[in-house]
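Below: the structure, in structure tokens.
We name chains A, B, ... by the order of the sequence lines, and we start the count at 1 in each one. Quick caveat: nothing in here was measured; it's all calculated off a predicted structure.
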2 protein chains.
Amino acid sequence: MNTDVPRRGRPRDPERLKRVLEAAAQQFLEHGLERASVEAIAKASGVSKVTIYSYFPTKEALFEAAVASCTEEVFASIPRGALDPRDPENALTLIGKAFLQLKRSDKAVGTFRLMFAVTSQHAEACEAFYRQGPEELIHQVADYLRAAASAGSLSIRNADEAADQFLSLFLGSADIRVMLGLGKPKASEDARLIKANVDLFLRAYAK
Amino acid sequence: MNTDVPRRGRPRDPERLKRVLEAAAQQFLEHGLERASVEAIAKASGVSKVTIYSYFPTKEALFEAAVASCTEEVFASIPRGALDPRDPENALTLIGKAFLQLKRSDKAVGTFRLMFAVTSQHAEACEAFYRQGPEELIHQVADYLRAAASAGSLSIRNADEAADQFLSLFLGSADIRVMLGLGKPKASEDARLIKANVDLFLRAYAK
DNA sequence: TATTTACTGAACGGTCAAGTTAAGTATGAA
DNA sequence: TTCATACTTAACTTGACCGTTCAGTAAATA
């Protein structure tokens with residue numbers, strides 16, 4: 001991917017690259033790495049196949065670029081402020097809501113499926129995905145838990161471990177069913193799940 | 001797949017079918033549905049490709065048979081007896097151990113990856129996998145929790161929900177890393193995870 | 001205008017793999 | 001022994017798709 005700006009001649013159309021990446025992401029997420037064809041991505045983005053190959057040397061390179069842009073987008077949606085260290089019940093509920101909203105999105109579901117499927121061929125991409133995705137998320141939750149512990153709202157020794165536990169509570173049967181394409185829970189079921197998990201967590205880590 | 005026993009002529013060699021299914025499972029789990037070739041499965045099982053096509057009409061049919069036999073094998077390893085309703089700490093530790101042993105196995109990891117990758121093409125196989133796998137497991141844990149609640153060892157209102165929660169605690173960062181092929185935790189780390197999760201669960205559901 | 005670069009469309013080469021066919025061998029039942 | 005069925009080997013057909021080439025068009029700078 002050459003991003004240099006040449007001095008003369010027709011400049012690159014930045015819209016095209018954007019459309020290619022979007023279409024690539026859509027096709028890869030929906031069909032997987034092998035079943036998505038470059039031809040189809042070209043069609044879907046309204047760009048010629050040759051142009052795609054002028055952007056990326058191989059299908060694999062296009063795949064990695066598409067996945068990287070996906071990861072950013074998927075994990076960008078977690079609330080930073082508005083988490084009161086003195087009100088863990090409310091804060092954890094908000095975190096749970098945001099996490100489920102993310103984890104239920106087609107894009108996130110597709111990205112996880114995709115990454116799981118390409119571990120042997122794209123180990124580095126998986127590593128990057130983990131660090132920018134799940135790991136980052138756990139750190140953010142751990143930060144809140146440390147703040148809540150400092151504020152005396154919770155009794156937590158190992159915030160990273162606790163954050164991992166809290167988030168993992170949302171990866172049970174409902175998430176597995178979603179990942180298997182067996183249908184998403186109703187909003188009321190997810191609300192109930194959030195309440196049950198927050199309750200459990202607060203009982204275990206009460207002051 | 002015709003299982004009828006013909007009256008005359010050379011009988012089928014049952015060993016061959018077994019070897020084919022084993023080799024197919026191995027190849028599909030390692031390389032995925034698209035990247036595993038029928039030719040390679042034939043080679044690996046020491047059987048000719050034509051014979052495979054006499055057993056199964058298409059690669060897809062072979063895939064479904066292989067997956068079905070895998071699911072049985074993977075989820076057959078949970079301890080039934082020896083769970084004392086009066087000693088939840090010990091029982092939950094045993095359950096956690098067994099679950100992690102299962103979830104860390106190459107076969108289970110491969111099966112989950114595979115099923116996640118083929119949701120759109122093999123919806124029925126995914127449904128069957130969920131029912132015979134995760135759902136069944138949750139039911140078994142819920143049964144124990146009900147027994148423990150009846151014995152007065154735990155205070156649990158919704159055993160199915162609690163079982164789901166307990167098992168989901170093992171699907172956090174460590175499991176994600178394994179699923180992404182980033183390496184398995186050391187035995188000591190898993191032991192620590194089990195203890196942390198059992199402790200959390202007991203604190204939340206103490207009598 | 002001349003030149004340089006971006007892009008398109010269509011066609012093509014090469015590879016890989018699904019599934020088939022044919023000709024022949026092995027094995028067991030009648 | 002005869003014959004039906006299982007199995008193998010090897011070649012083949014078919015189709016998909018990656019990646020390239022080429023001839024031509026579009027859009028910018030000098």
**Asked** Without hydrogens or angle criteria, can the side chains of A:Glu136 and A:Tyr130 be said to hold a donor-acceptor pair below 3.5 Å?
**Response**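 No donor-acceptor contact under 3.5 Å links the two side chains.
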**Asked** Does CD belonging to A:Glu89 count more than 12 external heavy atoms closer than 6.0 Å?
**Response**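 Check fails, neighbour count at 12 or below.
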**Request:** Indicate whether OP1 or OP2 belonging to D:dT8 is found under 4.0 Å from a side-chain N or O atom of B:Ser48.
**Result:**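 Yes, B:Ser48 has a side-chain N/O under 4.0 Å of OP1/OP2 on D:dT8.
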**Request:** May I ask you to list the residues of residues 20-35 of chain A, by number, that have any heavy atom positioned under 4.0 Å from an atom of DNA chain C?
**Result:**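 When residues 20-35 of chain A is checked for heavy atoms under 4.0 Å from DNA chain C, there are no hits whatsoever.
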Can you pull every protein N or O that's under 3.5 Å from an N or O on nucleotides 21-26 of chain C?
from: C:dA26; atom 1: N3; to: B:Arg10; atom 2: NH1; distance (Å): 3.3

Could you tell me the separation between the [atom1] atom of [X] and the [atom2] atom of [N], rounded to a whole number of Å?
X	N	atom1	atom2	result
B:Tyr55	D:dT5	OH	P	16 Å
A:Phe56	D:dC18	CZ	P	15 Å
B:Glu15	C:dT27	CD	P	15 Å
A:Glu60	D:dG19	CD	C1'	13 Å
A:Tyr53	D:dC17	OH	P	12 Å
B:Arg16	D:dT8	CZ	C1'	9 Å
A:Arg12	C:dA6	CZ	P	6 Å
A:Ile52	D:dT20	CD1	P	13 Å

**Geometric class of the A:Phe201/A:Phe166 ring pair [parallel <30°, tilted 30-60°, perpendicular >60°]** =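 Perpendicular, since the angle between the ring planes exceeds 60°.
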**Request:** Any chance you could lay out the salt bridge (Lys or Arg N to Asp or Glu O under 4.0 Å) test for B:Asp160 and B:Arg146, step after step, and finish with the verdict?
**Result:** CA-CA 9 Å; B:Asp160 292 286; B:Arg146 268 185 283 271; 3.4 Å; yes
**B/S/- contact track for nucleotides 11-16 of chain D, protein heavy atom under 4.0 Å** = ------
**Request:** Kindly indicate, with the supporting measurements, whether the criterion salt bridge (Lys or Arg N to Asp or Glu O under 4.0 Å) is fulfilled by B:Arg19 and B:Glu15.
**Result:** CA-CA 6 Å; B:Arg19 263 154 45 207; B:Glu15 282 304 308; 5.6 Å; no
Under 4.0 Å, heavy atoms only, any strand: does [X] hit a base, just the sugar-phosphate, or nothing?
X	result
A:Ala36	sugar-phosphate
B:Thr51	base
A:Ala42	nothing

**Prompt:** Any Lys/Arg nitrogen of A:Lys195 or A:Asp190 sitting under 4.0 Å from an Asp/Glu carboxylate oxygen of the other?
**Reply:**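 No, A:Lys195 and A:Asp190 are not salt-bridged.
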side-chain hydrogen bond (donor to acceptor under 3.5 Å, both in side chains) involving [X] - partner list, sequence neighbours excluded:
X	result
B:Glu22	none
B:Arg16	B:Asp13
A:Lys43	none

**Prompt:** Can you name the closest pair of heavy atoms from B:Pro134 and A:Ile176 and give their distance?
**Reply:**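 Distance-wise, the nearest heavy atoms are CG-CG2, 4.2 Å.
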**Request:** Show the numbers, then the answer: is there a salt bridge (Lys or Arg N to Asp or Glu O under 4.0 Å) between A:Glu161 and B:Arg192?
**Result:** CA-CA 10 Å; A:Glu161 185 178 88; B:Arg192 178 193 167 80; 3.2 Å; yes
**Message:** Distance to the ring centre below 6.0 angstrom and angle to the axis at most 45 degrees; does that hold for B:Lys107 and B:Phe112?
**Reply:**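 No; the conditions do not both hold, so B:Lys107 does not lie above the ring face of B:Phe112.
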